[in-house]
Amino acid sequence: MRGRQAGFAARTAGVIVVATLSLGLTSACGSGADPAEESTNAPAAVRTTPAEQQREQASPSAAPAKKSPAPAAASTVKVPNGVGMDYQSAQDLWRAAGLIVAPATDATGAHRLPVIDSNWVVLAQEPKAGTKVPKESIITATVKKYSDD
């Protein structure tokens, strides 16, 4: 039986290597079109001669100055209120606002993890609703099952 498994593993590895090489060659070769044809289809701003490239490299001041990105106006978000909602809806609301949802805390102290999030209700959240926080901040909910007392 071991011989069969080893043979299968070797054939599978061979197929993976061949597929990987085929994909690599395809992407390395481009679309298969004539390279001269591809250069004529390039936008005028992209076309540069080797002499122009050397001049740009030799004098960096000749290159256009890069603008620093403008500060994002929405770099902070106001935390939406998820308390009283089912946990799935609250997560959707928080993610839409740009927050990262951490695993919930079980309010009963039993350390249960919500499997079907819509069967759990949000009792509390941290940070609190209305707080302004940086985008992609972490939010944690305290939840219990609807069937809990």
Side-chain angles (χ1 to χ4, degrees), residues 1-35 37-48 53 56-57 60-149:
M1 194 59 138
R2 268 191 186 277
R4 260 190 192 166
Q5 290 175 345
F8 177 76
R11 283 191 304 275
T12 304
V15 168
I16 292 171
V17 169
V18 169
T20 304
L21 289 174
S22 296
L23 289 173
L25 289 175
T26 303
S27 63
C29 294
S31 63
D34 181 21
E37 209 174 279
E38 287 181 12
S39 66
T40 59
N41 293 334
V46 175
R47 289 186 207 147
T48 57
Q53 289 174 354
E56 286 176 8
Q57 290 172 355
S61 61
K66 291 183 180 178
K67 294 181 182 178
S68 61
S75 60
T76 61
V77 295
K78 185 176 176 184
V79 178
N81 189 6
V83 175
M85 299 175 77
D86 71 82
Y87 185 45
Q88 182 61 58
S89 298
Q91 288 181 77
D92 294 342
L93 181 68
W94 295 328
R95 287 184 179 125
L99 301 171
I100 298 171
V101 180
T105 303
D106 183 0
T108 65
H111 304 290
R112 300 173 297 175
L113 295 174
V115 176
I116 301 174
D117 295 337
S118 59
N119 289 343
W120 295 71
V121 63
V122 178
L123 300 178
Q125 68 183 55
E126 183 58 42
K128 302 278 185 217
T131 307
K132 289 200 176 209
V133 297
K135 199 169 198 165
E136 297 184 1
S137 291
I138 296 174
I139 187 164
T140 305
T142 301
V143 297
K144 73 170 191 161
K145 285 184 110 174
Y146 281 108
S147 60
D148 292 340
D149 290 330

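Hydrogens, waters and symmetry mates play no part in the numbers below; they use all other heavy atoms, side chains included. It should be emphasised that the depicted structure is a prediction, and the values quoted were computed from it without experimental measurement.
Residue pairs meeting the side chain to side chain donor-acceptor pair (under 3.5 Å) criterion with at least one partner in residues 83-93, sequence neighbours excluded, are Asp86-Ser89, Gln88-Asp92, Gln91-Arg95, Gln91-Asp117.
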Solution key, residues 118-134 side-chain donor-acceptor pairs under 3.5 Å, sequence neighbours excluded:
| unit_1 | atom_1 | unit_2 | atom_2 | d |
| --- | --- | --- | --- | --- |
| Gln125 | OE1 | Gly82 | N | 2.8 |
| Gln125 | NE2 | Pro80 | O | 3.0 |
| Gln125 | NE2 | Pro127 | O | 3.3 |
| Thr131 | OG1 | Lys128 | O | 2.8 |

Please table the atom pairs, donor to acceptor, closer than 3.5 Å between any side-chain atom in residues 100-113 and protein atoms at least two apart or in another chain.
| unit_1 | atom_1 | unit_2 | atom_2 | d |
| --- | --- | --- | --- | --- |
| Asp106 | OD1 | Thr108 | N | 3.1 |
| Asp106 | OD1 | Thr108 | OG1 | 3.0 |
| Asp106 | OD1 | Arg112 | NH2 | 3.2 |
| Asp106 | OD2 | Thr108 | OG1 | 3.0 |
| Asp106 | OD2 | Arg112 | N | 3.1 |
| Asp106 | OD2 | Arg112 | NE | 2.7 |
| Thr108 | OG1 | Ala110 | N | 3.3 |
| Thr108 | OG1 | Arg112 | NH2 | 3.4 |
| Arg112 | NH1 | Asp148 | OD1 | 3.4 |
| Arg112 | NH2 | Asp148 | OD2 | 2.5 |

